[in-house]
Amino acid sequence: MSAALLSSVPWRALIIGGAVWLPAYICRQPVLLLLTSKALDKAHSEHIPAIMAVLQPGRTSTSPETDTPAEPR
C-alpha cells in the first residue's frame, strides 16, 4: 500500500487487518474445497464440467460423454 494511504490509517487497524488477513489467506484453499465438494454433490451431471471449468480454468474434460468426434478431412 502506498505511504499516503497508510498514514491516515490508525496503527491498530493495520495490526487487526494483518491478523485477520493472514488466517483468511491460509484457509482459503480448504474453504474453497469444502464449498466445491458441496456444489458437486448437489449438481446435476451436466453441470459438473462447468463447475470444474470455473475451478480449474484452462483444463478440459477427459470424459467420453463430453468429447466431440473429430471432423473428417
Side-chain angles (χ1 to χ4, degrees):
M1 290 184 200
S2 72
L5 288 174
L6 292 178
S7 65
S8 65
V9 177
W11 64 270
R12 287 180 225 101
L14 292 175
I15 291 174
I16 293 170
V20 170
W21 173 81
L22 185 61
Y25 181 77
I26 292 171
C27 296
R28 76 187 186 286
Q29 191 66 31
V31 169
L32 285 175
L33 291 175
L34 176 69
L35 293 174
T36 302
S37 70
K38 287 184 178 184
L40 289 173
D41 287 342
K42 293 180 180 182
H44 295 285
S45 61
E46 63 268 8
H47 297 145
I48 290 176
I51 294 170
M52 296 307 292
V54 168
L55 294 174
Q56 297 180 342
R59 300 188 92 175
T60 59
S61 173
T62 57
S63 171
E65 298 171 354
T66 59
D67 288 344
T68 56
E71 293 182 16
R73 293 184 174 204

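What you see is a predicted model, and the numbers here were worked out from it, not measured in a lab.
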Could you list the residues that satisfy side-chain contact (heavy atoms from CB on, under 4.5 Å) with Ala50, not counting sequence neighbours?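 Checked Ala50 against side-chain contact (heavy atoms from CB on, under 4.5 Å); zero matches.
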Got a sec, which hydrophobics cluster with Trp11, joining ILVMFWY side chains under 4.5 Å apart, including via others?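 Its cluster partners, ordered by chain and number, are Ile15.
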Name the atoms and distances for all side-chain donor-acceptor pairs under 3.5 Å in residues 26-37, with sequence neighbours left out.
unit_1 : atom_1 : unit_2 : atom_2 : d
Arg28  : NH1    : Tyr25  : O      : 2.6
Thr36  : OG1    : Leu32  : O      : 2.6
Ser37  : OG     : Leu34  : O      : 2.8

